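A short write-up of the structure that comes next.
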Amino acid sequence: MPKITPFQSVRPKPELAARIAALPYDVYNRKEAVIEVNREPYSFLKIDRAETQFSDETDTYDPRVYVKAKELLDAMIADGTFMMDASPCYYIYELTMKGRSQTGIVACSSIDDYQNQLIKKHENTREEKELDRIRHVDATDAHTGPIFLVYRSKREINEIVTTAKKQPSLYDFTSPDGITHRVWIISDEKTIADLEALFAALPCTYIADGHHRCASAVKVGLKRRTQHPDYTGDEEFNRFLSVLFPDDQLYIMPYNRVVSDLNGLSPESFLKQIEKAGFTVEYTGDKQIAPCQKGTFGMYLTGGWYLLTAHESLLSPDPVKGLDVSILQDNLLRPILGIQDPRVDRRIDFVGGIRGLDELERRVHSDMAVAFSMYATSISELLKVADAGLLMPPKSTWFEPKLRSGLFIHKLS
C-alpha cells in the first residue's frame with residue numbers, strides 16, 4: 001500500500017517557469033553547467049549545481065557550494081521568484097517530445113515505503129554519488145529534483161488525470177530542447193482523497209530514474225528522525241518529491257557503450273573472437289545499425305558498422321541475464337574485451353541514446369576503439385527485474401524526456 005500524498009509546492013511564478021526549469025543536475029559536467037547558467041541566469045541549475053557560482057579552482061564538493069545553494073534558493077523565495085501554494089495539492093505534469101506525451105502526478109512518496117521495498121529499485125547506488133545530494137538536500141532543506149517513479153497503469157487514476165488536464169494550466173512552455181511542458185493543479189479535497197486511496201490500493205511503485213537522488217532523500221529523512229526522536233511521521237522530512245507515471249506511457253531509449261581499446265587484439269582477431277563467442281557477424285559498411293529486435297547489436301569498428309546477432313544459446317529467460325545489456329557484457333565485453341566491472345572500469349563509457357549513432361562514430365574517431373549500439377530495455381523488463389528483487393547492470397536504461405528541476409520544490413520544514 002504505497003503512501004502517496006499531496007504537498008505545498010514551492011514553484012516559480014508562471015512568467016518565469018520556462019526560464020527556471022532546468023535539466024537534472026547530473027546531465028551536465030561542470031563546464032557545461034557553467035555555460036548553461038551563463039546562458040540563462042534564472043536557470044535552477046545554479047542552485048542544483050551551485051559550484052557554478054565559484055571559480056574553477058573551488059572544489060565541486062566544497063562546503064561553501066552547499067551554503068551558496070541555500071542562499072540562492074532562499075533569495076529567490078524571498079524576492080517572489082518562487083511562490084508556495086496555500087494548501088497541499090497534487091500537480092499534473094505532462095511532457096511532450098516529438099509528438100509523444102507522457103503525464104505524471106507530482107506528489108510526495110514515503111521514505112518508509114522505500115525502506116520497506118514498496119518502492120522497488122532496479123539499480124545499486126554508490127555512496128560517493130549519494131553524498132553530494134545528501135549534503136545538498138540537507139543544506140537547502142528541500143528536495144529540488146523529483147524522483148521519476150512508475151506505477152502499473154490504473155484506469156481510475158488515468159481518468160482523474162484526464163479530467164484535471166481539461167482545466168486551465170499553471171504552466172505551458174517549450175524548453176530549448178524542444179520538449180513541451182504543461183502543468184495543472186489538483187486542489188479539491190475529494191479528488192485528493194480519491195487519488196490517495198487509489199495509490200494505496202496498488203501493490204507498489206518503482207524507481208525509473210533517480211536512484212541516487214531517492215536514496216539521498218531517504219537518508220536525509222532518516223537523519224532528521226534521529227535529530228527529532230519525538231517525530232510523529234507527519235513531518236515533511238518523512239517523504240520526498242516524486243513524479244509518478246503509468247507504465248504504458250513511458251519511453252526508454254538505449255544506453256550505448258564505447259570501449260577505449262580491443263584488449264590487445266587486432267580488429268581481425270577481435271571479430272573472430274566475437275564469432276567464437278556465439279554471435280553472427282554481418283558487415284554493413286557505412287550503414288549505421290540501430291538494433292530493431294532483442295539479441296541484436298550494432299558495432300562500429302575501424303570506420304565500418306557490423307550487425308551482431310546473438311545465437312539462441314546466449315539468450316536466457318532470467319530477468320537479468322536475458323537483458324541485452326547482460327548478453328553483451330557476459331559474452332563479449334567481459335570475456336573478450338576484459339571489462340570485468342563496468343561500474344568502475346575506466347576503459348568503458350556509456351552514451352545515452354538521445355545522442356544518436358553519429359556520437360558513437362565520433363567517439364571511435366576521437367578517443368575510443370569500438371562502439372556498440374543497443375536495443376532498448378523495455379519498461380516490462382525493468383518491472384520484472386524489480387519485482388524479482390534483482391538489479392540491472394549499470395546504465396541499462398535512458399529515459400526521455402527528462403523531468404525538469406525547479407518546477408516543483410518540496411521543503412522539508
Side-chain angles (χ1 to χ4, degrees), residues 1-7 9 24-26 88 90 104-138 140-152 154 157 195-229 231-247 250 379 382-392 394 396-397 399 403 405 408-413:
M1 296 176 60
K3 187 176 182 181
I4 306 300
T5 53
F7 70 107
S9 180
Y25 75 98
D26 53 359
Y90 288 117
I105 298 170
V106 187
C108 277
S109 295
S110 165
I111 66 172
D112 291 314
D113 285 352
Y114 181 89
Q115 293 289 92
N116 298 330
Q117 299 181 5
L118 290 178
I119 299 172
K120 296 187 177 184
K121 62 181 183 178
H122 64 268
E123 286 183 7
N124 269 329
T125 56
R126 291 163 55 185
E127 187 176 5
E128 66 270 21
K129 289 189 68 176
E130 290 179 20
L131 188 56
D132 167 53
R133 287 303 100 177
I134 288 172
R135 290 170 173 167
H136 193 277
V137 172
D138 218 7
T140 59
D141 196 40
H143 298 132
T144 60
I147 314 304
F148 188 158
L149 298 184
V150 184
Y151 63 93
R152 293 189 183 275
K154 191 174 181 68
I157 296 176
L195 274 176
E196 282 194 65
L198 286 167
F199 274 107
L202 296 175
C204 62
T205 59
Y206 304 81
I207 301 175
D209 201 9
H211 282 78
H212 285 91
R213 274 172 283 151
C214 190
S216 301
V218 170
K219 287 184 176 180
V220 171
L222 295 175
K223 177 183 176 184
R224 296 286 177 96
R225 285 181 174 183
T226 63
Q227 294 170 341
H228 301 84
Y231 76 91
T232 65
D234 293 327
E235 297 86 359
E236 293 301 325
F237 58 72
N238 292 289
R239 51 203 195 132
F240 60 87
L241 180 63
S242 56
V243 186
L244 300 104
F245 290 89
D247 64 327
L250 298 185
I379 188 66
L382 184 154
L383 299 185
K384 285 178 182 176
V385 170
D387 282 337
L390 300 173
L391 300 173
M392 286 185 173
S396 293
T397 56
F399 283 90
L403 306 182
S405 295
F408 315 97
I409 300 168
H410 173 234
K411 294 289 288 180
L412 274 64
S413 61

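Nothing here was measured: the structure is a model prediction, and the numbers come from that model. What's counted below: heavy atoms across the whole structure, side chains too, no hydrogens, waters or symmetry copies.
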If I take atom CD1 from residue Ile134 and atom NE2 from residue His136, how far apart are they, to the nearest 0.5 angstrom?
13.0 Å

Hey, could you give me the OG/CZ distance between Ser216 and Phe240, rounded to the nearest 0.5 Å?
11.0 Å

Is the Tyr206 to Tyr151 ring centre distance short of 6.0 Å?
no

Return yes when atom CD of Glu127 has more than 12 non-hydrogen atoms of other residues, nucleotides or ligands closer than 6.0 Å, and no otherwise.
no

Determine the minimum heavy-atom distance between Ala208 and Val150, stating which atoms define it.
CB-CG2, 3.4 Å

Heavy-atom closest pair, residues Pro146 and Thr144
CD-O, 4.0 Å

Measure from the side-chain N and O atoms of Ser396 to the backbone N and O of Met392, and report whether any donor-acceptor pair falls under 3.5 Å.
no

With Arg239 as the cation and Tyr114 as the aromatic partner, state whether NZ or CZ is under 6.0 Å from the six-membered ring centre and within 45° of the axis.
no

CG on Asp132 to NE2 on His212, rounded to 0.5 Å
10.5 Å

Neighbour count above 12 (heavy atom, 6.0 Å) for Lys3 NZ
no

Dump the intermediate steps for side-chain contact (heavy atoms from CB on, under 4.5 Å) on Ile409 and Phe7, then the final yes or no.
CA-CA 10 Å; Ile409 300 168; Phe7 70 107; over 6 Å; no

Taking atom NE2 of His211 and atom CG of Leu391, what is their separation to the nearest 0.5 Å?
8.0 Å

Lys/Arg-Asp/Glu bridge criterion (N-O < 4.0 Å) met for Arg152, Asp387:
yes

So do the side chains of Ile147 and Ser109 get within less than 4.5 Å of each other, counting heavy atoms only?
no

Using a 4.5 Å cut-off on heavy atoms from C-beta on, say whether the side chain of Val106 contacts that of Tyr90.
no

side-chain contact (heavy atoms from CB on, under 4.5 Å) between Leu149 and Val243: does it pass, once the steps are laid out?
CA-CA 6 Å; Leu149 298 184; Val243 186; over 6 Å; no

Taking the side chain as C-beta and beyond, is there a heavy-atom pair between Ile207 and Lys120 under 4.5 Å?
no

CG of Asp209 to SG of Cys214, rounded to nearest 0.5 Å, is 11.0 Å

For the ring pair His143 and Phe408, is the centre-to-centre distance below 6.0 Å?
no

4.5 Å side-chain heavy-atom contact, Thr205 and Leu244
yes

Is Glu123 close to Pro394 at the side-chain level, that is, under 4.5 Å between some pair of heavy atoms?
no

Please step through side-chain contact (heavy atoms from CB on, under 4.5 Å) for the pair Tyr25 and Arg133, ending with a clear verdict.
CA-CA 10 Å; Tyr25 75 98; Arg133 287 303 100 177; 3.2 Å; yes

Parallel, tilted or perpendicular: which describes the rings of Phe245 and Phe148, with under 30° parallel and over 60° perpendicular?
tilted

Taking atom types as modelled, find out whether Arg225 and Asn238 have a side-chain donor-acceptor pair closer than 3.5 angstrom.
yes

Heavy-atom neighbours of Lys384 NZ exceed 12 at 6.0 Å
no

Let's go through Glu235 and His228 carefully: what are the C-alpha distance in whole Å and the side-chain angles of both, what is the deciding distance for side-chain hydrogen bond (donor to acceptor under 3.5 Å, both in side chains) to 0.1 Å, and is it a yes or a no?
CA-CA 10 Å; Glu235 297 86 359; His228 301 84; over 6 Å; no

If I take atom CD1 from residue Ile157 and atom CD1 from residue Ile105, how far apart are they, to the nearest 0.5 angstrom?
5.5 Å

Tell me, do Arg224 and Asp141 make a side-chain contact under 4.5 Å, heavy atoms counted?
yes

Minimum heavy-atom distance Glu236-Ser413, with the two atoms named:
CB-N, 4.5 Å

Go through the steps for Lys219 and Asp138 under the test salt bridge (charged side-chain N to carboxylate O under 4.0 Å, His left out), then give the verdict.
CA-CA 10 Å; Lys219 287 184 176 180; Asp138 218 7; over 6 Å; no

Please determine, by modelled atom types, if Glu130 and Thr125 share a side-chain donor-acceptor pair under 3.5 angstrom.
yes

For the residue pair Thr397 and His122, establish whether any side-chain heavy-atom pair is separated by less than 4.5 Å.
yes

Heavy-atom check, side chain of Ile4 versus side chain of Leu195, under 4.5 Å
no

